[in-house]
Chemist: 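Okay, handing you the structure first.
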Amino acid sequence: MPLITFMSDFGLTDYYIAAVKAKLYTSDSSLQIVDISHQIDSFDLSHASFILRSVYRDFPQNTVHLIAVGASSFAEEYIAVQLDNHFFVSADNGIISLLSEQEPQKIVRLSANTSSTFAAKDILAPAVAAIASGKKLEEIGQVVNSMNRKIPRQLKANKKMISGNIIHVDNYGNLITNIDRYTFDVLSKDINYEITVGREHFSEIQQNYFDVDYGECALFFNHQGLLEISINHGSASVLLGLAFDSPVHIRFER
């Protein structure tokens, strides 16, 4: 039986997580459920998509991902999607389109109980349990050709400059950008460069956090291949005064 992952913006102080899990376990007490995060900022699809995009491929193929972010009784539609040989069940709010550049293998619209005020429990959880039990998507919903889509922040790059943004601030205050190693390596080959982060300027990229002394700033490409800005034993977000969507520029001297 495939694994189930669960991500939400429910927080940790209410009963909502337990109620959704109870619904799943009632359908099959042998289900294996892995919590990804329940501290996603409320209704924050960018935050949620970054977290799930960063980890879903680490799970076995055919894992079923329950996404309860922005899933309220006000959502008009709910969908189940097969994408990249994984399954995702969510409100049709655009979040799934932010997970991968691949096109979905299949999309179905779920039959929604419009009287429900707890969609994650009453609509999403039964669909997840059905998929985990082996039902095909077309058995639990109507096959459709499209879903809501969001446009992610786009990297801008040319021979003179790479312009990106901070797309995530982690629990340590590390700043993760959308500037990828491949683009940087191609444009920076044998060229001097200057990286501008807020009011600070840097001309060197390290290998990891610990290549600088305590309290100093390190820039490096992380395990995702994305440029990350950190303070060794400190918060780059606080000390540099930067947050989600702050610009980051790399200028090349040609």
Side-chain angles (χ1 to χ4, degrees), residues 5 7-9 11-12 34-59 69 95 98-101 150 152-158 160-253:
T5 77
M7 182 178 70
S8 76
D9 54 4
L12 301 176
V34 179
D35 294 293
I36 291 180
S37 176
H38 297 293
Q39 293 183 300
I40 302 298
D41 297 335
S42 298
F43 306 104
D44 191 336
L45 302 186
S46 294
H47 183 193
S49 64
F50 176 85
I51 296 296
L52 189 53
R53 185 174 69 246
S54 298
V55 75
Y56 82 82
R57 293 182 181 88
D58 294 331
F59 288 93
V69 177
I95 188 171
L98 297 173
L99 298 178
S100 172
E101 295 180 357
K150 299 286 186 182
R153 284 165 177 78
Q154 299 294 318
L155 184 70
K156 297 179 181 179
N158 56 47
K160 295 182 179 180
M161 179 185 295
I162 299 174
S163 294
N165 297 86
I166 293 167
I167 59 172
H168 183 65
V169 181
D170 73 10
N171 189 57
Y172 295 95
N174 298 317
L175 307 170
I176 301 169
T177 78
N178 59 349
I179 298 174
D180 62 279
R181 182 193 293 271
Y182 176 78
T183 301
F184 174 80
D185 285 348
V186 168
L187 293 174
S188 67
K189 188 175 182 180
D190 301 323
I191 297 293
N192 292 328
Y193 58 85
E194 181 182 70
I195 303 172
T196 302
V197 183
R199 297 181 180 180
E200 303 295 326
H201 303 277
F202 304 92
S203 58
E204 183 180 2
I205 292 180
Q206 288 78 32
Q207 294 298 312
N208 58 51
Y209 303 94
F210 309 112
D211 286 344
V212 298
D213 293 333
Y214 282 7
E216 291 189 358
C217 189
L219 286 75
F220 57 93
F221 287 99
N222 63 19
H223 68 283
Q224 297 169 282
L226 298 175
L227 182 66
E228 183 168 333
I229 302 142
S230 71
I231 301 291
N232 190 355
H233 283 70
S235 169
S237 178
V238 171
L239 293 178
L240 299 178
L242 300 175
F244 175 79
D245 213 30
S246 294
V248 178
H249 302 292
I250 303 178
R251 292 177 173 84
F252 301 107
E253 299 177 9

Chemist: Determine the minimum heavy-atom distance between Phe221 and Ile205, stating which atoms define it.
Modeler: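 Minimum heavy-atom separation between Phe221 and Ile205: CE1-CD1, 3.8 Å.
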Chemist: Go through the steps to decide whether Ile176 and Ile166 satisfy the test side chain to side chain contact (heavy atoms under 4.5 Å, CB included), and finish with yes or no.
Modeler: CA-CA 6 Å; Ile176 301 169; Ile166 293 167; 6.0 Å; no
Chemist: Just so I know, are the side chains of Arg181 and Phe184 near enough to count as touching, which here means a heavy-atom distance under 4.5 Å?
Modeler: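 Not touching, per the 4.5 Å side-chain cut-off.
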Chemist: Nearest 0.5 angstrom please: Glu253 CD to Ser203 OG, how far?
Modeler: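 Reported to 0.5 Å precision, the distance equals 9.0 Å.
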Chemist: What heavy-atom pair brings Asn178 and Gln154 nearest, and what distance separates the two atoms?
Modeler: ND2-C, 4.1 Å
Chemist: For a quick test of reading the model, state the closest non-hydrogen atom pair linking Ser46 to Ser49 and the distance between them.
Modeler: O-OG, 3.1 Å
Chemist: Could you go through Phe59 and Thr5, starting from their C-alpha distance and side-chain angles, then the distance that decides it, and tell me whether this counts as side chain to side chain contact (heavy atoms under 4.5 Å, CB included)?
Modeler: CA-CA 9 Å; Phe59 288 93; Thr5 77; 3.8 Å; yes
Chemist: Evaluate the side-chain proximity of Glu228 to Phe220: yes if any heavy-atom separation is below 4.5 Å, no if none is.
Modeler: yes
Chemist: Would you say Ser8 and His38 are linked by a side-chain donor-acceptor pair, where the criterion is simply a distance under 3.5 Å?
Modeler: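 Yes, a side-chain donor-acceptor pair sits under 3.5 Å.
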Chemist: With no hydrogens and no angle check, is any side-chain donor or acceptor of Asp180 less than 3.5 Å from a backbone partner on Gly225?
Modeler: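 A pair under 3.5 Å: no.
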Chemist: Short question: side chain of Ser235, backbone of Val238 - any donor-acceptor pair under 3.5 Å?
Modeler: yes
Chemist: Does any non-hydrogen side-chain atom of Asn165 lie less than 4.5 Å from one of Val248?
Modeler: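 No; the side chains remain at least 4.5 Å from each other.
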Chemist: Supply the atom-to-atom distance Ile231 CD1 to Cys217 SG, rounded to the nearest 0.5 angstrom.
Modeler: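 One gets 4.0 Å once the value is rounded to the nearest 0.5 Å.
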Chemist: Which residue, His223, Gln224, His168, forms the side-chain hydrogen bond (donor to acceptor under 3.5 Å, both in side chains) with Ser54?
Modeler: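 So the option named by the test is Gln224.
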Chemist: Quick check: closest heavy atoms across Ala48 and Met7, and the distance to 0.1 Å?
Modeler: O-CE, 3.5 Å
Chemist: So Thr183 and Leu155, do their side chains get closer than 4.5 Å, heavy atoms only?
Modeler: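 Yes, at least one pair of side-chain atoms sits under 4.5 Å.
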Chemist: Do the side chains of Leu45 and Val69 get nearer than 4.5 Å, heavy atoms only?
Modeler: yes
Chemist: Are side-chain heavy atoms of Tyr172 and Ser230 found at a separation under 4.5 Å?
Modeler: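 No - every pair of side-chain heavy atoms lies 4.5 Å or more apart.
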Chemist: Which value, rounded to the nearest 0.5 Å, describes the distance between Ser246 atom OG and Leu175 atom CG?
Modeler: 7.5 Å
Chemist: For a 4.5 angstrom cut-off between non-hydrogen side-chain atoms, does Val212 reach Phe210?
Modeler: no
Chemist: CG/Leu99 to NZ/Lys150 distance, rounded to the nearest 0.5 angstrom?
Modeler: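 The distance works out to 13.5 Å.
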Chemist: Looking at every heavy atom in both Thr177 and Leu226, which two are closest together, and how far apart are they?
Modeler: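 Taking Thr177 first and Leu226 second, the nearest heavy atoms are O-CB, 3.5 Å.
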Chemist: Out of curiosity, Leu240 CG to Glu200 CD, how far, rounded to the nearest 0.5 Å?
Modeler: 6.0 Å
Chemist: Using the side-chain hydrogen bond (donor to acceptor under 3.5 Å, both in side chains) rule, take Thr196 and His201 through it: C-alpha gap first, then chi angles, then the decisive distance, then the call.
Modeler: CA-CA 5 Å; Thr196 302; His201 303 277; 3.2 Å; yes
Chemist: Please determine whether side chain to side chain contact (heavy atoms under 4.5 Å, CB included) holds for the pair Met161 and Tyr193, giving the CA-CA distance in whole Å, both sets of side-chain angles, and the decisive distance to 0.1 Å.
Modeler: CA-CA 9 Å; Met161 179 185 295; Tyr193 58 85; over 6 Å; no
Chemist: Nearest 0.5 Å please: distance from the CG atom of Leu242 over to the CZ atom of Arg199.
Modeler: 10.5 Å
Chemist: Could you pull out the closest heavy-atom pair between Ala218 and Tyr209, with the gap in Å?
Modeler: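 Ala218 and Tyr209 have their closest heavy atoms at CB-O, 4.0 Å.
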Chemist: When you compare the side chain of Phe252 with that of Leu187, does any pair of heavy atoms fall below 4.5 Å?
Modeler: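 Yes. Closest side-chain heavy atoms under 4.5 Å.
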Chemist: Would the distance check show the side chain of Asp41 and the main-chain N or O of Asp44 forming a donor-acceptor pair, the cut-off being under 3.5 Å?
Modeler: no
Chemist: Under the side chain to side chain contact (heavy atoms under 4.5 Å, CB included) criterion, do Tyr214 and His233 qualify, and how do the steps go?
Modeler: CA-CA 6 Å; Tyr214 282 7; His233 283 70; 3.4 Å; yes
Chemist: I'd like to know if the side chain of Asp211 pairs up with that of Gln206 as donor and acceptor (distance under 3.5 Å, no hydrogens or angles considered).
Modeler: no
